[in-house]
Number of protein chains: 2
Amino acid sequence: MLKDLPQYDCLLKAAERYPELDPSANEAFLNLLRTGDLVFEVINHFLTQNNISQGRFTVMMLLRRHWVENCTPASLAEEAGVTRATMTGLLDTLEKDGMIVRQADTQDRRTLHVHLTDQGSACLDSILPGHFQGVSRVMSPLTHSERKELVRLLQKIQEQLTPEPPKATR
Amino acid sequence: MLKDLPQYDCLLKAAERYPELDPSANEAFLNLLRTGDLVFEVINHFLTQNNISQGRFTVMMLLRRHWVENCTPASLAEEAGVTRATMTGLLDTLEKDGMIVRQADTQDRRTLHVHLTDQGSACLDSILPGHFQGVSRVMSPLTHSERKELVRLLQKIQEQLTPEPPKATR
DNA sequence: ATAAAGAGATTAGGAGGCTAATAATTACTC
DNA sequence: GAGTAATTATTAGCCTCCTAATCTCTTTAT
């Protein structure tokens, strides 16, 4: 959303009208959203060409990351940051396409376990090199230290918005 | 998407398996997407409480920015960065709620002109102060110079991804 | 003048988010 | 041990985004 960002001097002028408007905060905010959107679009375009959506890709990456039986729809939803209802839909289409399977738990008959199939694993392997190349290309204008600085600034914002720090075990 | 970001050392390990994986690029990429998502969520939550979506809010802000008759569905779609079909849907709901009106062009019977109604303008005025406060809060962990540095880094990425520089007339 | 091409807006159909409500199972409490 | 509460997964209904197709009108070419 919002392809044409307002210029900084325009924000200054608007701030005269709205005393709550902090120009530098707004500028950073708009650029953050816009850049995130652009980057998402690039990666999403690549994934779409390979007939997979961002959501499905995330699920498959999570399944590979855990590489064992500990994945339930609820845990995947939690890690992916979507609702369980959404995860049900994602798993539906992934299962329909043969990328994953759902297996009943022998202990607790409420819970299911989700596995990547061989086909799903092969699909992921065929996509990942191109995906990582795309990520590298997107970030190519920044030097190593600039990337580190960007991450530092972004994490300061994240900490503001989440109870704990960015978490990131595993 | 992706609440739990992989740790940097985990990326290093994965890079052994995938030679295309650039750890620092990937770390920056994941943090950018995650932060953008978090920030969007915060703002979207505020707007939702005021019974308006991000898309509708963007359209109303664009209408106010132009403050005259030069807005057509096509130009709004272009500026907002969505398809015309999407804009049609947004304008439908905005018109249904009495926020905007569509008027026929006297010259060219294909084109329409979109205007903010008084009610739409009042609605925007009631929302903006809270919105700007939210933006300031989100960016509060960063100093002024950190915000400027963040914008600089983000714009370098944007330039990589768009033919021209971030544009931003007006 | 008329046919073809182009441009504006819309419609139809699909995907993936969300919330809220439901069904089945397990855990708690007294 | 019976009843209530909590948990797991799902369904239903809504919204917003997309692409592709359609309809109307204007411009261009012949």
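The chains referred to below are lettered A, B, ... by the order of the sequence lines, with proteins before strands, and numbering in each begins at 1.
Rounded to whole Å, the distance from CG on A:Asp37 to P on D:dT16 is 16 Å. For B:Ile52 and C:dC18, the CD1 to P distance is 21 Å, given to the nearest whole Å. Note: CG (A:Asn44) to P (D:dT16) measures 20 Å, nearest angstrom. Across the protein-nucleic acid pair, B:Lys96 atom NZ and D:dC14 atom P stand 12 Å apart, rounded to whole Å. We find that CG of B:Leu90 is positioned 12 Å from P of C:dT10, with the value rounded to whole Å. Rounded to whole angstrom, the span from the CG atom of B:Leu47 across to the C1' atom of D:dC15 amounts to 15 Å. Whole-Å rounding puts the B:Asp105 CG to D:dT24 C1' distance at 15 Å. What separates NE2 of B:His45 from C1' of C:dG17 is a distance of 16 Å, to the nearest Å.
The residues B:Glu159 and B:Lys156 are annotated as not salt-bridged, no charged nitrogen and carboxylate oxygen being separated by less than 4.0 angstrom. Looking at A:Asp22 and B:Arg137, no side-chain N of the basic residue comes within less than 4.0 Å of a carboxylate O on the acidic one, giving no salt bridge.
In this structure, B:Glu41 places its CD atom where only 12 or fewer heavy-atom neighbours from other residues, nucleotides or ligands lie under 6.0 Å away. Heavy-atom contacts from other residues, nucleotides or ligands closer than 6.0 Å to CD of B:Gln49 number more than 12.
Under the 30°/60° scheme for interplanar angles, the aromatic rings of B:Phe29 and A:His131 are found to stand perpendicular.
Within the 4.5 Å cutoff, the side chain of A:Ile52 has no heavy atoms near those of the A:Phe46 side chain.
Of all heavy-atom pairs between B:Asn51 and B:Arg56, the closest is O-NH2, 3.9 Å.
The side chain of B:Thr86 lies closest to D:dC17 when the candidates are D:dT26, D:dC17, C:dA15.
Using a 4.0 Å heavy-atom distance criterion, A:Gln107 is classed as a sugar-phosphate-only contact.
A sub-4.0 Å separation between OP1 or OP2 of D:dC15 and a side-chain N or O of B:Ser53 is absent.
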When you check every protein heavy atom under 4.0 Å of nucleotides 3-10 of chain D, what one-letter string (B, S, -) results, 5' to 3'? ----BBSB
